[in-house]
Structures are given as C-alpha cells and as structure tokens.
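Heads up, the thing below is written out as structure tokens.
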Amino acid sequence: GSEFAFQIVEPRKIVATLGLIYFFYGFSYPIYATFLVTTLVKEVGLTEASAGNFWMWVGIFSIFSGPFFGSVSDRVGRKTGLALVYSIQLVAYLLIAFQSNIYMVGLSVFLFGITAWAIPGIMAAAVGDYMGPVKAALAFGTVTLIFGVGQIVGPATAGMLADVSGGFSAGYLLAAAMVLIAVFSTRLLPKSQN
C-alpha cells in the first residue's frame with residue numbers, strides 16, 4: 001500500500017511545485033513587458049522611439065533565450081537551470097526598479113532579453129523529466145493553467161501599485177520578490193534524472 005500512496009502523492013506534489021514555480025514567471029515577466037516602454041518614457045525621459053528601440057533589443061536578445069538556457073539546463077539540471085534564469089531576471093527587475101542611468105536600463109534590458117522565454121522551455125523539459133511521457137501532457141496543461149493565472153494577476157497588481165504610488169518601481173520590486181521566491185521554490189523539487 002505505501003508504494004502506491006507514494007506514486008499518487010509524489011507526482012501531485014511535483015506538479016504543484018512546478019505550477020507554483022511557473023506561476024511566478026507568469027506573474028513577473030508581463031509586468032516588465034507591459035510597463036517597460038512607459039517607464040522609459042515617463043520616468044527615464046526617453047522619447048517613445050528610443051524606448052521602442054530598447055524593447056526591440058529585448059526581442060533580439062530573447063531569440064536566443066530558450067535554446068541557450070535549455071541547453072544549460074540539460075547540463076546543470078532543471079532545478080539549477082530554473083534557479084539561474086530566475087536569478088538573472090531578479091537582477092533585471094531590480095535594475096529597472098532603481099534605474100538611475102541609461103546603462104542600468106541597458107543592462108536590465110539585456111538580462112531580461114537573454115532570459116525572456118527560457119522558463120517555458122525548461123518547464124516543459126522539467127515536466128517531462130519528472131512525470132514521464134505518459135503523464136507529461138496533463139501535467140504540463142495543469143502547470144500552464146497556473147502560469148496563466150499569474151499572467152492575469154501580475155500586471156493587474158502592478159498597474160494598481162503604479163496608480164497608488166505614481167510610478168512603476170513598486171511593480172518591478174513586486175516582480176523581483178516573486179522571482180526571488182521562485183528561486184527558493186526550486187529547492188522543493190527533487191533532483192531530476194538530468
């Protein structure tokens with residue numbers, strides 16, 4: 001009986017943990033994506049064209065984010081890969097929250113760009129590693145649903161914080177807090193086969 005119980009409980013726990021970790025990505029990245037250009041215009045004083053150029057660089061850097069960090073996670077494991085990407089995003093969010101010069105903005109854009117779409121790829125691989133091919137599709141559907149909730153709640157919360165505080169720093173700090181929790185949440189995962 002105890003082996004059977006382990007098989008039922010452990011996969012649920014892993015899916016819940018992966019869902020939580022994915023929720024933090026869903027919550028945090030749209031805050032940056034939604035408010036970056038407005039921040040650069042209203043708070044940094046850039047023209048809309050210059051701010052748009054920064055967003056273009058996010059797009060250019062992001063092309064490599066999935067394949068690069070996917071291969072990194074193949075080597076170091078999913079737990080470490082997720083923690084690494086979230087740690088880099090943490091720095092990106094703190095830099096934009098406290099932007100005091102254009103170099104901080106540039107570094108933030110670079111760090112966000114190189115990690116922008118890394119989490120979904122690592123998450124798909126992690127679900128496959130932990131759940132196996134038969135259960136992976138249902139598990140990935142579940143964690144993606146949780147991620148979707150984060151995408152709704154994150155930007156809405158950051159928008160309310162911006163209305164109350166009159167700036168976007170509080171929203172970026174909230175995103176930073178979420179990815180910091182995500183880094184620690186990866187420790188709850190068992191070691192993957194990878």
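Because the structure is a prediction, the values reported are computed rather than measured. For this chain, numbers begin at 1 and follow the sequence in order.
- The aromatic rings of Y93 and Y32 sit tilted, their planes meeting at an angle between 30° and 60°.
- Counting heavy atoms from C-beta outward, F24 and I181 have side chains that approach closer than 4.5 Å.
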Apply side-chain contact (heavy atoms from CB on, under 4.5 Å) to L161 and F168, showing your working. CA-CA 8 Å; L161 284 172; F168 298 105; over 6 Å; no
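- In this structure, P155 and P30 approach most closely via the heavy-atom pair CG-CB, 3.4 Å.
- If you look at F147 and F23, their ring centroids are not closer than 6.0 Å.
- By the 4.5 Å heavy-atom criterion applied to side chains, K135 and L138 are not counted as neighbours.
- At least one side-chain heavy atom of R75 sits less than 4.5 Å from a side-chain heavy atom of S71.
- Between F61 and F110, the gap from one ring centroid to the other is short of 6.0 Å.
- Closest approach of I14 and P190 over heavy atoms only: CD1-CG, 3.9 Å.
- Taking both residues in full, the closest heavy atoms of V143 and G19 are given as CG1-N, 3.5 Å, listed atom of the first, atom of the second, then distance.
- Atoms CG and CD, on L111 and Q89 in that order, are 9.5 Å from each other to the nearest 0.5 Å.
- Two different hydrophobic clusters hold I88 and I63 under the rule that ILVMFWY side chains link at heavy-atom gaps under 4.5 Å.
- Shown are I122, L84, V85, T80; of these, the side chain to side chain contact (heavy atoms under 4.5 Å, CB included) with V72 is made only by L84.
- A donor and an acceptor atom, one from each side chain of W117 and S62, are located under 3.5 Å apart.
- Cluster membership check: V149 does not share its hydrophobic cluster with I152, using side-chain heavy-atom separations under 4.5 Å among Ile, Leu, Val, Met, Phe, Trp and Tyr.
- In this structure, F112 and I96 have side chains that are not in contact, with every pair of non-hydrogen atoms separated by 4.5 Å or more.
- Taking both residues in full, the closest heavy atoms of V183 and A83 are given as CG2-O, 3.8 Å, listed atom of the first, atom of the second, then distance.
- When only modelled atom types and interatomic distance are considered, Y172 and T39 share a side-chain donor-acceptor pair under 3.5 Å.
- A side chain to side chain donor-acceptor pair (under 3.5 Å) check over residues 140-169, counting only residues at least two apart or in different chains, returns the pairs Y29-Q151.
- Considering only heavy atoms from C-beta on, Y22 stays 4.5 Å or farther from I146 through its side chain.
- Residues F140 and V15 have side chains not in contact (no heavy-atom distance under 4.5 Å, counting atoms from C-beta outward).
- Using a 4.5 Å cut-off between side-chain heavy atoms of Ile, Leu, Val, Met, Phe, Trp and Tyr, with links allowed through other members, M123 and L188 fall into different hydrophobic clusters.
- The shortest heavy-atom contact between A136 and V127 is O-CG1, 3.5 Å.
- Considering only heavy atoms from C-beta on, L82 comes within 4.5 Å of L189 through its side chain.
- A pairwise comparison of heavy atoms in F98 and M104 identifies O-CE, 3.4 Å as the closest pair.
- Hydrophobic clustering (ILVMFWY, side-chain heavy atoms < 4.5 Å, transitive): M160 and L36 are in distinct clusters.
- Between P11 and M131, some side-chain heavy-atom pair lies under the 4.5 Å cut-off.
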